[in-house]
Amino acid sequence: MSTTPAHDSRMEKIVSLCKRRGFIFQSSEIYGGIGGFWDYGPLGAELKRNLRDTWWRAMTRDRDDIVGLDATIIMHPSVWKASGHVDTFADMMRECTLTNKRVRADHVEPQGGSIMRFTGAKAPNATGGWQLDRPITVLMKQGEHIESFRKRVRVLVAQNAGAAAGKPEEIELHGEERTGVVEASVDFHPETGGLLNDARPFNLMLKTFIGPTATEDDVAYLRPETAQAIFAQFKNVCDSSRVKIPFGIGQIGKAFRNEVTPKNFTFRSREFEQMELEFFIRPDEAVRLIHGSVAAWNEGADLSQPKPDWGWELWHRYWLSQRTAYYASIGLGAEDLAYAWQTKEDLAHYARACVDILYKFPFGTDELEGIAARGSFDLTQHQTHSGKQLEYFDEELKTACDAITAEQKEAFIEQSHARRLHPETTKEEITAFCEKLFKGLYVPHVIEPSAGLDRLALAILANAFEEEEVTDEKGKTETRTVLHFHPRVAPVKVGIFPLLKNKPELVAKAREIVAMLRPHMNVFYDETGAIGRRYRRQDEVGTPYGITVDFDTLGEEKPELKGTVTLRERDSMQQTRVPIAEILPFLLGKIL
RNA sequence: GCGGGCGUAACUCAGUUGGUAGAGUGCAACCUUGCCAAGGUUGAUGUCGAGGGUUCGAAUCCCUUCGCCCGCUCCA
């Protein structure tokens, strides 16, 4: 899916600017750095805070159907057993000794064939020559022709060696020897046939210990996602907040994953921040009982306002449109984004649908947010593992069911069985589920828009970055580096400059304006250097507006201009004369 | 994890066969300076990623290690 340009100077420039101007630093840099961890400097901290605030506002404060949560990073280890993370994140893995391809130890199918061993390989014709000195052991499958086998091994060797070894046909294999025959061995990679090394635990969750003794009994995990805390606290939120389905719980917080390969600057980090919403909805069956039918999604459906007869599909589409509108509100428009729908085969077994919102990063188009329709899987898992009832009592559903006859209920069960998603679901399970529904009880289904804050910050930076050719009045062309941040997310909202710093009246007036604006926004005062240089400095950190106090502000020669300043706009570099009294309302209108 | 490239000032980079580290930009102060990186003067900053070795002497050669980038792999 990603397209990666061979040399991406744009990304390098962004990384360099981030360091130089204090957006993002490598963690622990004075000790040589630590892979996959990044710090936000003064401007980065402001940027990230602004982004976090826009999400929180859009998702909680601006709506009356979503509440917030702020849970701990370390939770009861059982949370991760219930969620499936302990199992799927802690597989025993084996690696192919030829290609380093990794495979789950319990997923290796027994294979038969001849064990072939080579002492090494050489590519004398490759640029500079190339050589592999370690032995290679590969299974020649039953019925595989010896020449096609040799060709296959050369291709694998070439792939693994990268550019150094040159073309597969240039590779010479040395010391071929048949060392044995096996009937059903699990020691060879299912695809490559390469010998597998010993199984090793491979866990993507970061481990820690609770209490000072640090034994295996005290193991806990740093959360690999924030979502599970929302499910774990679902009942408490319901009991304390008078929320009614449909409603959501949003959370912003740190998560940790032991990524194999952190890469692309902050894009894949081991410590990162997520902004997640779990939006709880009725199962489609409950909607059908209440409204008689479930509204179907079609292209062009009106998604502006939720409707009571929406099922999971419309809710899923609704959140996709809401999230797209959110990105537009902070400067990421349709032309910057892309969407990737997971195919049925890619989906986890419990998921109904999942769409990723991607941003066109300089290093490739990659994920910013995933919106998944997860059914009732998570809450059901926690209900099973904790033994606590996580069903929701739906007054409206109970009322609707009380009004229908026993025959209608019987027909509904039949109908639900006919519509079941998984063929293996039994009639008994469907009946039990429906009987609960008739009492107004169900485990809510969930739509999960899950976004990466650090990825968003990187996208915003990449999207804002531009090196612009500017020609001045004298016809001199030069490069202007500018970050076109949307004013809402810009770390500094306005720069305030006295035209000259050795004129006390100008400095005093500029300080007055700083004092006026500071309670409302992040402002930056600068009096050093020529005015043009100060503008450019602010362009480079994305400050959308500049205000210059000059002699007209003091009314020295043109009394009619007294009390006005120059307002300079970053993107157009246009200047306008505005009264001081209008500055604050103007800026507030742009940044809120 | 594998292969390749790289690591010298805040940034971009130069540094010869091993001889004790530089440029441009930026930064700071002052003078000049009336709206888009202006001019001048002065100034500060490096354990040459880290550790070890060879050597009279290492940024330079060797080993180890850490980090970054690219490709492969991995990515509930």
Side-chain angles (χ1 to χ4, degrees), chain A residues 4-9 11-13 15-22 25-37 41 80 83-91 93 95-104 128 130 132 134 156-165 192 197 200 202-205 224-225 227 257-265 268 348-351 363 366-367 470-474 476 478-481 497-503 506 528-540 546 548-552 556-557 565-568 570 573-575:
Chain A
T4 308
H7 296 285
D8 197 56
S9 63
M11 203 56 212
E12 280 165 26
K13 283 172 180 167
V15 173
S16 163
L17 175 66
C18 281
K19 163 116 201 259
R20 188 157 43 83
R21 300 309 304 263
F25 307 127
Q26 203 181 0
S27 171
S28 322
E29 198 193 74
I30 61 167
Y31 290 103
I34 173 165
F37 296 90
W80 307 112
S83 68
H85 286 85
V86 171
D87 293 337
T88 53
F89 270 50
D91 296 330
M93 304 292 285
E95 269 176 25
C96 169
T97 52
L98 173 59
T99 62
N100 298 306
K101 283 194 186 201
R102 209 170 276 129
V103 65
R104 274 179 63 162
W130 174 88
L132 180 74
R134 66 189 164 90
L156 289 170
V157 168
Q159 274 175 4
N160 198 46
T192 67
N197 66 5
R200 308 185 280 191
F202 193 79
N203 197 325
L204 286 182
M205 280 200 289
E225 60 171 41
R257 289 181 201 181
N258 235 334
E259 294 290 351
V260 182
T261 316
K263 61 189 279 189
N264 288 328
F265 198 24
R268 175 164 292 136
H349 70 277
Y350 51 83
F363 50 79
D366 223 326
E367 184 183 347
V470 185
T471 308
D472 64 15
E473 290 130 24
K474 295 156 208 144
K476 214 173 76 187
E478 61 198 5
T479 306
R480 177 172 86 124
T481 304
F497 320 113
L499 187 58
L500 300 172
K501 77 167 166 185
N502 56 2
K503 298 288 184 288
L506 294 178
T528 61
I531 191 70
R533 176 189 297 265
R534 282 179 268 168
Y535 285 153
R536 294 298 172 86
R537 277 181 193 147
Q538 292 306 304
D539 287 344
E540 204 178 42
T548 303
V549 173
D550 59 20
F551 291 96
D552 287 338
E556 280 190 347
E557 282 176 16
V565 293
T566 300
L567 177 72
R568 184 255 191 188
R570 175 197 62 204
M573 297 196 281
Q574 293 300 306
Q575 304 189 13

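Hydrogens, waters and symmetry mates are skipped; everything else that's a heavy atom, side chains included, is used. Below, read A as the first sequence line, B as the second, and so on, with proteins coming before strands; counting in each chain starts at 1.
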Is a side-chain donor or acceptor of A:R533 paired with a backbone partner of A:T528 at a separation under 3.5 angstrom? no
For the backbone of A:R536 and the side chain of A:R480, can you confirm whether one donor and one acceptor N or O come within less than 3.5 Å of each other? no
A:F551 and A:E557, any side-chain heavy atoms less than 4.5 Å apart: no
Do A:K503 and A:V549 make a side-chain contact, defined as non-hydrogen atoms from C-beta onward lying under 4.5 Å apart? no
Any donor-acceptor N/O pair under 3.5 Å between [N] base and [X] side chain:
{"X": "A:Y535", "N": "B:C35", "value": "yes"}
{"X": "A:S16", "N": "B:C11", "value": "no"}
{"X": "A:R568", "N": "B:C35", "value": "no"}

Measuring from [X]:[atom1] to [Y]:[atom2], what's the distance to the nearest 0.5 Å?
{"X": "A:D550", "Y": "A:I531", "atom1": "CG", "atom2": "CD1", "result": "9.0 Å"}
{"X": "A:R268", "Y": "A:D366", "atom1": "CZ", "atom2": "CG", "result": "7.0 Å"}
{"X": "A:F497", "Y": "A:R537", "atom1": "CZ", "atom2": "CZ", "result": "9.0 Å"}
{"X": "A:K13", "Y": "A:T481", "atom1": "NZ", "atom2": "OG1", "result": "8.0 Å"}

Reading RNA chain B 5' to 3', how would its secondary structure be written in dot-bracket notation, given Watson-Crick and G-U pairs with both distances under 3.5 Å, brackets [ ] for crossing pairs and | for partners on other strands? (((((((..((((.....[..)))).(((((.......))))).....(((((..]....))))))))))))....
For a quick test of reading the model, state the closest non-hydrogen atom pair linking [X] to [Y] and the distance between them.
{"X": "A:F25", "Y": "A:K19", "result": "CE2-O, 3.5 Å"}
{"X": "A:H85", "Y": "A:P224", "result": "CD2-CG, 3.6 Å"}
{"X": "A:G36", "Y": "A:P262", "result": "CA-CB, 3.6 Å"}
{"X": "A:E540", "Y": "A:L17", "result": "CG-CD1, 3.5 Å"}
{"X": "A:W80", "Y": "A:E225", "result": "CH2-O, 3.6 Å"}

How far, in whole Å, is [M] from [N] if one measures between their [atom1] atoms?
{"N": "B:G34", "M": "B:U42", "atom1": "P", "result": "24 Å"}
{"N": "B:G67", "M": "B:G46", "atom1": "P", "result": "26 Å"}
{"N": "B:C6", "M": "B:U16", "atom1": "P", "result": "15 Å"}
{"N": "B:G1", "M": "B:C13", "atom1": "C1'", "result": "33 Å"}
{"N": "B:A10", "M": "B:C27", "atom1": "P", "result": "15 Å"}
{"N": "B:U8", "M": "B:U55", "atom1": "P", "result": "29 Å"}
{"N": "B:G49", "M": "B:A14", "atom1": "P", "result": "13 Å"}
{"N": "B:A58", "M": "B:A44", "atom1": "C1'", "result": "28 Å"}

Output yes when at least one side-chain N/O atom of A:R533 is less than 4.0 Å from OP1 or OP2 of B:C35, else no. no
What does [X] touch in the nucleic acid at a heavy-atom separation under 4.0 angstrom: a base, only the sugar-phosphate, or nothing?
{"X": "A:F265", "result": "sugar-phosphate"}
{"X": "A:R537", "result": "sugar-phosphate"}
{"X": "A:R534", "result": "nothing"}
{"X": "A:G22", "result": "nothing"}

Below 3.5 Å between N/O atoms, which protein atoms pair up with nucleotides 31-33 of chain B? Just atom names and distances, please.
from	atom 1	to	atom 2	distance (Å)
B:U33	O4	A:N502	OD1	3.3
B:U33	O4	A:N502	ND2	2.9

Rounding to a whole Å, what distance do you find between [X]:[atom1] and [N]:[atom2]?
{"X": "A:R536", "N": "B:C27", "atom1": "CZ", "atom2": "C1'", "result": "19 Å"}
{"X": "A:Y31", "N": "B:G49", "atom1": "OH", "atom2": "P", "result": "18 Å"}
{"X": "A:E12", "N": "B:C6", "atom1": "CD", "atom2": "P", "result": "14 Å"}
{"X": "A:E540", "N": "B:G26", "atom1": "CD", "atom2": "C1'", "result": "9 Å"}

From the options [options], select the nucleotide whose nearest atom is closest to the side chain of [X].
{"X": "A:T528", "options": "B:U12, B:A29, B:C36", "result": "B:A29"}
{"X": "A:K19", "options": "B:C11, B:C75, B:A37", "result": "B:C11"}
{"X": "A:R20", "options": "B:C35, B:C11, B:C36", "result": "B:C11"}
{"X": "A:F551", "options": "B:C35, B:G34, B:C70", "result": "B:G34"}

Is there any protein nitrogen or oxygen under 3.5 Å from a nitrogen or oxygen in nucleotides 43-46 of chain B, and what are the pairs?
none

Which residue lies more 5' along RNA chain B, comparing A:Q26 with A:D550 via nearest heavy atoms: A:D550
Residue mapping more 5' on RNA chain B - nearest nucleotide basis, A:E29 or A:N264: A:E29
Any chance you could lay out the side-chain contact (heavy atoms from CB on, under 4.5 Å) test for A:K263 and A:F363, step after step, and finish with the verdict? CA-CA 10 Å; A:K263 61 189 279 189; A:F363 50 79; over 6 Å; no
